[in-house]
Structures are given as structure tokens and as C-alpha cells.
Amino acid sequence: MKFSLFVHMERWDEEVGHQQLFENLTELALMAEEGGFSTVWIGEHHAMEYTVSPSPMPQLAYLAARTTRIRLGAGTLIAPFWNPIRAAGECALLDVISGGRMEVGLARGAYQFEFDRLAGGLPATDGGKHLRELVPAVQRLWEGDYAHDGEIWQFPTSTSVPAPVQQPGPPVWIAARDPASHDFAVASGCNVMVTPLMKGDEEVEDLARKFDVAVGNHPEQPRPKLMVLRHTHVHPVSDPDGWRPAAEAVARYYRTFDAWFGNKKTPENGLLEPSPVEKFAERPEFEVDSLHKTAMIGTPEEVVERIRYYEELGVDEFSFWIDNGMTHEQKRASLALFIEQVVPAFAGD
């Protein structure tokens, strides 16, 4: 089992400046490297303060200069917002800057809010065809000269400049949920990243099943890796109620996600109030007690036990999703406890 850190600059109000937020992100990434994490992941989101990341590339390039071992994951780039030549070249450049430590996650996108602003109102549900065309084009560009005549993009013979350090290219991860996405990822020689969001471990079981089916359907491909991304907070045994602030923060995070995903209100200066609690009266998965059980929230022993189960399901990488609306100090303490008491339990694996 490998561990990675999934992190963004989170801004919930105007009290903390963006420069301080980036310093906070950097501190957490450096802690992850020191703690033996395999990768730090930063995604792509636009015009929303609660997930500040118009491009993971400059952030990861900076971290490349501050680190020596940890791999640097752009996860996930939103396929409809990228030309294949640009995606291939920028990923290869980060691979060069980092000495061959780049990884890239690609997704179809989810927020209609972003599609209305960056893709001319293209329905977010149509992002999958962009993903399916982008992935093989990027892979071919990393190999050398390639001309593309697709449904979405067309370009004459081109190549990735620079060429990536890793050959045939940086590892590619596909954000997958439905069986077709798993099948496409495995058939394309890509790893798979999944998130059960606010659902329980039965969702992890289902996603692992879909992955296994896709692997079985493509014996011509080596088995790729499976990553589970989950909101995580570890609290000490001496604080038995330490789960509650984390579960409350994750609940607010998901209510905010719902507000952005619903795309019903215009944000003010990149800020949007969470959807009201009463909206979820018939949605028990949003309740604090439920999130205590579904998110990776618990004492070190409890967290080790659940990750062990993920390992039994065939999960290769557990990604500590540290975005949750808590303070930087709370995040830092949780990550330190995870490094100190959870990671060593898997050292002999």
C-alpha cells in the first residue's frame, strides 16, 4: 500500500490570503515527502475559492524544486479544457523539471459552472468523449511525431516538446466511476483513481469490483494500479470526540460541493455559501454521524483497520484527501499523526 496526499488551497472567506494558503499547502506537501508518501496530488478547478487551483502545473513545478523524492501528480486535469498538444507538452515539461517524477490524472470534469465559463456551455455530461479522445492523443504525442484528425481536435503532425523523461511517458491515471470508464482506462494502459465521496465502504467494494472486471476483460494489458481518494482526518485516542469537528467540517465541504455542483446561484468573488442543512433532511449520508463512518475519520488504529480492508480489496494507493474546511493547524496535526502512527503499520507490506 502506497500513500499520497491530495491537497488544494482552500479559502472559505477573505481572512486568509492566497499567499498564506500556498505556504500552507507547501508545508503539508513537505511533511508528506518526509513522511514517506509516494505522491502529492493537486487538481484543476476554476473561479472557485474553496478549491483554488486554476492550474496544478506551477504549483507542482515549485514543489519539484523544494522536494527530492515525492512524485508530483496533476490530478486531475479536466479533459475538455485542454488541447492534446498543450497537455502533452506541459506534462512533459513538469517531468523534465522534476527529473522524471511527474504523474497525470485526467477526468471528464463535473462542475457545469466551469463548463459554462471555459467550454462554451458544453454539458459537463459530454466531457467523457473529450477524455476518450485526449488520452490516446497525448500518449502518441509523447512517443513522437503524430497527426490527429478526431471529432473534437484536429492538428497536423506534431510532437511533445519537450519529450518526457519517463518513457513512454508519465504514468496516466483516469478518474473513473462507471464500468465504461474503468474499461477505457484499463484498455488504454492507464491507472485508475476513484472516490466514494460520502458513501460507505460498500462503494469502495463496488468500485474495486468494476476495476477487477475491467482488468479481467483486458488480459493483453498489465494490471494497472487502483487508487482510492477519501477525506481523511486522524485524531488521538486521548480525544474520543475528536471525530466530531472533522465530520462537521466534511459535512460543510459536501454542502458547499452541492451548491457549486447545482450551479443555481452566482458566486460572489469566488465564494458560494453551502447549501442549507434542511435541504438534506432526506439524505442521511450528509449527516455528521454518517460521515464519521464513511469518511476516513478516526483514531490511528481505526484508520489502519479500514485501510487494511482496502488493501484486501486490491487497492494499491490510498490518497489522504486533506481538503475538508478545517484549519491549517488541524490539518497539520492530523497529517502528522497519520505519518507517525498509520504509515508505519504498512511498512512491511
Are the charged groups of Lys225 and Glu103 less than 4.0 angstrom apart, N to O?
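Between Glu103 and Lys225 there is no salt bridge, as every charged N stays at least 4.0 Å from the carboxylate O atoms.
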Can a salt bridge be assigned to the pair Arg177 and Asp206 using a cut-off of 4.0 Å between side-chain N and carboxylate O?
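The answer is no: the pair does not qualify as a salt bridge.
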With a 4.5 Å cut-off on side-chain heavy atoms, are [Y] and [X] touching?
X	Y	value
Trp173	Leu226	no
Leu291	Met198	yes
His45	Glu114	yes
Glu49	Asp13	no
Thr195	Trp321	yes
His182	Val192	yes
Phe280	Ser275	yes
Val52	Phe22	no

Atom pair [atom1] ([X]) and [atom2] ([Y]), whose distance is rounded to the nearest 0.5 Å:
X	Y	atom1	atom2	result
Leu72	Ser98	CG	OG	5.5 Å
His292	Glu248	NE2	CD	12.0 Å
Ile97	Leu63	CD1	CG	12.0 Å
Glu317	Met227	CD	CE	4.0 Å
Asp95	Leu60	CG	CG	12.0 Å
His328	Leu21	NE2	CG	10.0 Å

Tell me whether the centres of the aromatic rings in [X] and [Y] are closer together than 6.0 Å.
X	Y	answer
His46	Phe113	no
Tyr111	Phe257	yes
Phe338	Phe3	yes
His148	Trp153	no

Take Arg223 and Asp316, measure what salt bridge (Lys or Arg N to Asp or Glu O under 4.0 Å) needs, and give me the verdict at the end.
CA-CA 11 Å; Arg223 180 191 182 277; Asp316 302 286; 2.9 Å; yes
Might you work through the side chain to side chain contact (heavy atoms under 4.5 Å, CB included) test for Leu141 and Gln139, ending with a clear yes or no?
CA-CA 6 Å; Leu141 286 163; Gln139 291 171 325; over 6 Å; no
Candidate list Leu131, Leu122, Ile152, Leu134, test side chain to side chain contact (heavy atoms under 4.5 Å, CB included), partner Pro80, passing option
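So, applying the side chain to side chain contact (heavy atoms under 4.5 Å, CB included) to Pro80 and each of Leu131, Leu122, Ile152, Leu134, only Leu122 qualifies.
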Please say yes or no: joined through hydrophobic side-chain contacts below 4.5 Å, possibly via intermediate residues, are Tyr309 and Val228 part of one cluster?
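Yes, one cluster joins them.
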Examine Tyr254 and Phe6 and state if one hydrophobic cluster contains both, with Ile, Leu, Val, Met, Phe, Trp and Tyr joined whenever side-chain heavy atoms are less than 4.5 Å apart.
yes
Take atom [atom1] of [X] as the centre, draw a 6.0 Å sphere, and report whether it contains more than 12 heavy atoms from other residues, nucleotides or ligands.
X	atom1	answer
Glu23	CD	yes
Arg108	CZ	no
Glu329	CD	yes
Gln154	CD	yes
Phe261	CZ	no
Glu305	CD	no
Gln20	CD	yes
Asn269	CG	no

Do you see a donor-acceptor pair shorter than 3.5 Å between the side chains of [X] and [Y]?
X	Y	value
Asp241	His235	no
Glu285	Ser290	no
Thr327	Gln330	yes

With Arg71 as the cation and Trp41 as the aromatic partner, state whether NZ or CZ is under 6.0 Å from the six-membered ring centre and within 45° of the axis.
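That pair does not qualify as a cation-pi contact.
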Would you find a donor on one side and an acceptor on the other, under 3.5 Å apart, between the side chain of [X] and the backbone of [Y]?
X	Y	result
Thr299	Glu302	yes
Lys199	Thr294	no
Thr157	Asp145	no
Thr67	Arg69	no
Gln59	Ile42	no
Asn324	Val250	no
His231	Asp323	yes
Glu10	Thr51	no

Side chain to side chain contact (heavy atoms under 4.5 Å, CB included) assessment of Arg101 paired with Gln166
CA-CA 8 Å; Arg101 289 187 283 146; Gln166 300 175 88; over 6 Å; no
List the steps, then state whether side-chain hydrogen bond (donor to acceptor under 3.5 Å, both in side chains) holds for Glu44 with Trp82.
CA-CA 11 Å; Glu44 175 187 8; Trp82 288 78; 2.9 Å; yes
Consider salt bridge (charged side-chain N to carboxylate O under 4.0 Å, His left out). Of Arg230, Lys293, Arg308, which one does Asp201 pass it with?
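Considering Arg230, Lys293, Arg308, a salt bridge (charged side-chain N to carboxylate O under 4.0 Å, His left out) with Asp201 is found only for Arg230.
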Testing Lys279, Lys264, Lys265 for salt bridge (charged side-chain N to carboxylate O under 4.0 Å, His left out) with Asp258, which one passes?
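Answer to the salt bridge (charged side-chain N to carboxylate O under 4.0 Å, His left out) test with Asp258 among Lys279, Lys264, Lys265: Lys279.
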Which is it for Phe318 and Phe346 under the side chain to side chain contact (heavy atoms under 4.5 Å, CB included) test, yes or no, and what are the steps along the way?
CA-CA 11 Å; Phe318 177 80; Phe346 298 86; over 6 Å; no
Can Tyr50 and His8 be said to form a ring pair (Phe, Tyr, Trp, His ring centres under 6.0 Å), step by step?
CA-CA 9 Å; Tyr50 97 117; His8 294 93; 9.1 Å; no
Intermediate values then yes/no, side-chain hydrogen bond (donor to acceptor under 3.5 Å, both in side chains), Ser319 and Ser4:
CA-CA 5 Å; Ser319 197; Ser4 58; 2.9 Å; yes
Are Glu202 and Glu205 close enough, and set up right, to give a side chain to side chain contact (heavy atoms under 4.5 Å, CB included), and what steps lead you there?
CA-CA 5 Å; Glu202 70 281 356; Glu205 296 168 3; 4.3 Å; yes
